[in-house]
Each structure stands twice: as structure tokens, then as C-alpha cells.
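Take a look at the structure set out below.
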Amino acid sequence: MDGLRPYRSFVSYIDRSREYYAAQGYSKPYAWAHHDDVPFTPLQKPLSGCRVGLVTTAGRTPAEGLIGAGGLKRGPYAEPANPPPKSLFTDDLFWDKKATHTDDVDSFLPVNRLAEQANGGCIGSASPRFYGVPTDYSQSRTSQGAAPKILEWCREDGLDAVLFSAL
Amino acid sequence: MDGLRPYRSFVSYIDRSREYYAAQGYSKPYAWAHHDDVPFTPLQKPLSGCRVGLVTTAGRTPAEGLIGAGGLKRGPYAEPANPPPKSLFTDDLFWDKKATHTDDVDSFLPVNRLAEQANGGCIGSASPRFYGVPTDYSQSRTSQGAAPKILEWCREDGLDAVLFSAL
Amino acid sequence: MSLVARHLEANGVSTVVMGSARDIVEECGVARFVFTDFPLGNPCGKPWDQEMQRSIIGSALNLLDRAWMPRTTIQTPFHWENDTWRDAFMRVDDGNREALARAGEERRRRQAEVKTGR
Amino acid sequence: MSLVARHLEANGVSTVVMGSARDIVEECGVARFVFTDFPLGNPCGKPWDQEMQRSIIGSALNLLDRAWMPRTTIQTPFHWENDTWRDAFMRVDDGNREALARAGEERRRRQAEVKTGR
């Protein structure tokens, strides 16, 4: 709603999570990655000729009985985009479980919406696979493990561009 | 510098000023305008055919002796862009007087830089005038007084687009 | 996630990040960002709202095509039904401060047990 | 300032806001925003640095030309020499808390005097 506000409307998740974990007695706050400079690759060909992929922070739905049994793998993964997944595992991620739900995969991994864009000719094609990078609070594991792995899969699948979505 | 940070790097001026004035004993915090929806006018012709103007929050340099004598006018104004102003009045505005200075007008009202863009053909022409809207903490005076006045001047000067800069 | 997008950009693959945690993405710094001001969980549109999802992916593809410099952000025009989630999420106040402190202690105690193999 | 830009957009004039107070501009909501992460005062480039000023106005004109939806933000690639201004500006801490409280009281006393004509 329009109005006059003495506080910012946009939630700061850096502030909010720092204060929340401090209230739980965790004295050393999580430190977020900060970069002064940002790499940039302009699109190399018309969008209608590009193959586009998707990356999510959600995990694969674990096989029956694996949750809580130490069988939950959290590394990067690649899965077929067709047939599209009916659900993905998000229980262990940081999102607003009171305000909403993740029952519709396209609300956080738009795999059916991307297929429509390929069918309509807006993009050349959708990647035959989608990729997962379950959130890892270790930045070095993300940079040195998941990042090169995702790049390798993107090259295998001949991608020109990738859409990321973080829950 | 790159690094890991438990606090946001980008300063929140809404938070900072609220806390600063609260420390001075002002119990009712300033309320900032919030809008859900934002009007948008796409550029109506090629940039190289557009006449472009500038709006600043700085004021005209007051005549000798007027400061502190009740002669400081804070309403909107229009002034010739040529010759460009050598200085503008910023003493009464909210900016970081410890970290920097406003001795170079082009650091906050790029009147010489815009003239270069017109000479180089990037834009059609620069407006013969620039416009001032000294910050007024009354949102209704800004919306109902300054805003229509600036629009009127833009139309008089035949502008297609306007660059605003807030100190 | 943003770190992976940066790695791809540095290696010749164009990327867009879609998300609702604006400050975290901006702190890291990415090439292109589509921000939707929703509670965390549905950065690509409300569940089952295919029209909204189409609009958001369309904005992301447009941004992919049109951005010419990094740290370009667009915000989609959508709003959640109400604003109660803004204050409610991870809220700390006098009503839950003690419970949070107890929950933290309990969790650390359990983790210590696991570590020492008890 | 952002309110004036909104009025122009609503009446057929395209606008760009250049600024360093990111949260204030984003709270109001504007069509196009060029953010430079500097201390407040030089949103169009460092004093006397004509090359940087040319780059920033160039980015603003590019944005004018290329934006296709409102709330499009670009951030220029420039950095201040150091980060000390971030914490120093309008800082409230134990070292100045009493002085700030006194300054506020003093100011209100003077304003009351002006009002009552004493």
C-alpha cells in the first residue's frame, strides 16, 4: 500500500538473520560475501537462438526414509527437465514457511514456464537438464566445488545463458 | 574491498537518520514516501533527437548577506544553463560534509557534462535552463507545488527527458 | 547461488538471478537481478499463478537480452496480498526472546552430544 | 526529488534519477535509477574527475534509452577511496550520545523561543 513509512519496506535479510541468531545465543554472526566488482558476459547471440538453463537452491526429493537418516546429500546435481519435477525438497532451506509454500515447483524453478518460452520461439531451446545448488553456507565449497561443476554441466548441455532462482 | 561482512555495506539512510534524530530527542520519526506502483514513460524518440534537462536539489547561491537573514528562498527555480553555474548553495542540505565537498558543480549537477553530450551528438540538445527543487520535507508541497512547476518549465523548454540528481 | 552465477559470468555464460532477498544478492553483486518483493519462497511468482510466472520469466529473459552492464536490477510489479510477513519473518521481540535463547541452548547441547559421540 | 520525477513520468516525460541514497529512492519508487555507492554529495562523480562524470552521465543516458519497465536500477562501477564514511555518517554511539541529546534540546529551546516571539 502507498503511504508514509518511518522504516524501510524492503526486508533486510542480512540484518534480520543476524539478529535472530544472536537472540539464539550464536555470538559470531554469519558473514556474507561482498564483492566490489562484478563479472559480466553480454548475451553472445539473439535470444531466439539461445539455449537457456535453470539453477535452483532446492534439493532433489529424498527417497522414502532417507530424511533424518543421514542420507541427505547436499552437493550440486543435474536432473532431466523433461518430464518436469512435480516437487523438490525445500524443507531444510531458509524461506518463509508461515507466509507461503513451495508446492508449485514453477513458483521457484520455472521449468514449465521456460519450456513454454522455447515452444513459443522466444528462446532457441530449454536445457534438457536443470541444475541444483542446495544452499551451502560455506562460501569456499560453493566457489570451488559447486560453481565449476555447474559450469561443466552448462558446457556439456551447450547453454548460452542460465536463470538462477534462490528460494 | 572484497570480503565477508556480517553487516550490509550499503548505508540505509532511512535507518541512519531515524536513529540519529531519535538520539537528539525527536520522538516522531520522519516518514518517507512509499509507492507500490511506479509510472513509466518509454523514451518517445531516438536519444540523438531528444532535448534533455537537469534537475538538482541544490539551491541558487544566495546574494551576499542573505543567509541567516530570512531571505533564503527554498521553492523551485529555473536558471540559464549557459553560462554554467560556477557554484550552487548546498550548505543547508543533507549530505556528507566530512567525507566530501560540493565545490565542483558537475559532481552533483552535470551541466558541463550534458553540454558535451549534446556537442558530441549523443543527445539532440541540452535544455537552455536547469531546474532546482531544494529538498522540502513536506511531501505535499513537493507533489502539489514543485512537481507541477517543474513539469510546466520542461514543457516550455520542449524537453523529452530529464535527469535528476539528489545530493 | 550468487557466487555460482558470478563464476559463470566470468567464464562466458550470461546469467540472471531471480530472487526476493534483495540485500543478500546486492551485497554479493551479480550481473543481472530480477527482484520480486515477496516473502522468501516464490521468487518466480505465486504458486499456481501461471500468468504471473509467465510475466516474471519474461522479464528475466528481457533483462538477459537488454542489460549492457553488471549490477542491473529490475523489480517486478507484483505485490503480496498483505504486508504482515515483512515484520513477522524471523521476528525477535519480548514475546519470543526467552524461547529463542532456550532453543539455541538446546540445539548447541544436542550438537555437542553428537560430536562427543554420547 | 523522486516525487517530482514520478510526476513527470506520469505526464509523458522520461526521467532518470542519479543518486547515492539507495534506500530512499527505492522506497519512493522511480522509473530509472543510476546508483553510485558514494558518500552523499557527489552522485554524478567525484569532484573534478571529468572522466568518471562522463561515464556516469553516459550510463544515465543509456538507461534512459534502454529501460523498458519501471524500477530499473543500474549501479556504476566506482568505489570511494575507503569505507570509513559508511560508519561515520550520522553515527550514534556512546561517545556522542549525550552531546546529541543536548544539541536536540538546545535546538528545540531556540525554536520555541522563535515561536513565542521572545
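As the structure is a prediction and not an experimental result, all values here were calculated from the model. Order of the sequence lines sets the chain letters (A, B, ...), proteins ahead of strands, with each chain counted from 1.
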Quick one: side chains of residues 46-55 of chain A, donor-acceptor pairs under 3.5 Å with protein atoms, not counting sequence neighbours, listed by atom name and distance.
residue, atom, partner, partner atom, Å
A/Arg51, NE, A/Ser125, OG, 3.0
A/Arg51, NH1, A/Asp157, O, 3.1

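- Heavy-atom pairs under 4.5 Å with chain A were tallied for C/Ala88, C/Ala103, C/Gly12, C/Gly19; the largest tally goes to C/Gly12.
- Scored by the salt bridge (charged side-chain N to carboxylate O under 4.0 Å, His left out) test, A/Asp106 finds A/Arg113 as partners (sequence neighbours excluded).
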Exercise for the section: Would you check, one step at a time, whether the test side-chain contact (heavy atoms from CB on, under 4.5 Å) holds for C/Lys46 with A/Ser107? Expected result: CA-CA 6 Å; C/Lys46 283 185 187 163; A/Ser107 74; over 6 Å; no
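- Both the backbone and the side chain of A/Leu114 come within contact range of chain C, judged by heavy atoms closer than 4.5 Å.
- Using a 4.5 Å cut-off between heavy atoms, C/Val34 makes no contact with chain A at all.
- Side-chain N or O atoms of C/Arg22 include none that pairs as donor or acceptor with a backbone N or O of A/Ser12 at under 3.5 Å.
- For a residue to count as touching a neighbouring chain, one of its non-hydrogen atoms must lie under 4.5 Å from one of that chain's; by this rule C/Met69 touches chain A with the backbone only.
- Proximity to chain A is limited to the side chain of C/Arg32, based on heavy atoms less than 4.5 angstrom apart.
- Of the atoms belonging to C/Val92, it is side-chain heavy atoms, and not backbone ones, that fall under 4.5 Å from chain A.
- When all heavy atoms of C/Ser20 and A/Tyr13 are compared, the pair lying nearest together is O-CE1, 3.8 Å.
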Handout entry: Pair A/Ile14-C/Ile24, side-chain contact (heavy atoms from CB on, under 4.5 Å): steps then yes or no
Key = CA-CA 6 Å; A/Ile14 292 176; C/Ile24 292 173; 3.8 Å; yes
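- Nearest heavy-atom pair across A/Val38 and C/Ala31 is CG1-N, 3.6 Å.
- Residues that satisfy the salt bridge (charged side-chain N to carboxylate O under 4.0 Å, His left out) test with A/Arg18, not counting sequence neighbours, are A/Asp15.
- Below 4.5 Å, heavy atoms of chain A meet heavy atoms from C/Ala60, C/Leu61, C/Leu64, C/Asp65, C/Ala67, C/Trp68, all part of residues 59-68 of chain C.
- Taking C/Met18, C/Met90, C/Arg54, C/His7 one by one and counting their heavy-atom pairs under 4.5 Å with chain A, the maximum is reached by C/Met90.
- Both tests pass for C/Arg108 against the ring of A/Tyr26: distance under 6.0 Å to the centre and angle within 45° of the axis.
- Within the 4.5 angstrom heavy-atom criterion, no atom of A/Thr135 approaches chain C.
- When side chains are defined from C-beta on, A/Phe10 counts as touching C/Gln75, because their heavy atoms get closer than 4.5 Å.
- Between chain A and the options C/Ser14, C/Gly104, C/Ser2, the largest number of non-hydrogen pairs under 4.5 Å is found for C/Ser14.
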Exercise for the section: Check the pair C/Asp23 / A/Trp32 against side-chain contact (heavy atoms from CB on, under 4.5 Å), numbers first and verdict last. Expected result: CA-CA 10 Å; C/Asp23 64 333; A/Trp32 301 87; over 6 Å; no
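- Residues A/His101 and C/Asn42 are not in side-chain contact: their nearest non-hydrogen atoms beyond the backbone lie 4.5 Å or more apart.
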Exercise for the section: Show the numbers, then the answer: is there a side-chain contact (heavy atoms from CB on, under 4.5 Å) between A/Phe164 and C/Val16? Expected result: CA-CA 6 Å; A/Phe164 287 76; C/Val16 178; over 6 Å; no
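- Side-chain rings of A/Tyr20 and C/Phe89 stay apart, their centers remaining 6.0 Å or farther from each other.
- Side-chain N/O atoms of C/Gln53 and A/Asn112 include no donor and acceptor closer than 3.5 Å.
- When all heavy atoms are compared, the tightest approach of A/Asp160 to C/Val13 is O-CG1, 3.9 Å.
- At distances below 3.5 Å, at least one donor-acceptor pair connects side-chain atoms of C/Glu9 with backbone N or O atoms of A/Thr41.
- Between A/Ala146 and C/Val4 the shortest heavy-atom distance is CB-CG2, 4.5 Å.
- Heavy-atom distances place the backbone of C/Phe38, and not its side chain, under 4.5 Å from chain A.
- Around atom CD of C/Glu81, more than 12 heavy atoms belonging to other residues, nucleotides or ligands sit under 6.0 Å away.
- Residue-environment remark: CD (C/Gln111) exceeds the threshold of 12 foreign heavy atoms within 6.0 Å.
- The shortest non-hydrogen separation linking C/Arg6 to A/Pro39 is O-CG, 3.4 Å.
- Ranking C/Gly58, C/Cys28, C/Ala99 against chain A, the residue ahead of the rest is C/Cys28, based on heavy-atom pairs under 4.5 Å.
- Other residues, nucleotides and ligands contribute more than 12 heavy atoms inside 6.0 Å of the CZ atom of A/Phe94.
- Salt bridge C/Asp83/A/Arg5: present, at least one basic N to carboxylate O contact under 4.0 Å.
- Closest of all the heavy-atom pairs between A/Leu109 and C/Cys44 is N-SG, 4.4 Å.
- Side-chain contact between C/Trp80 and A/Thr100: present, with at least one pair of heavy atoms (C-beta onward) separated by less than 4.5 Å.
- The candidate with the highest count of non-hydrogen atom pairs below 4.5 Å against chain A, out of C/Ile57, C/Thr84, C/Val17, is C/Ile57.
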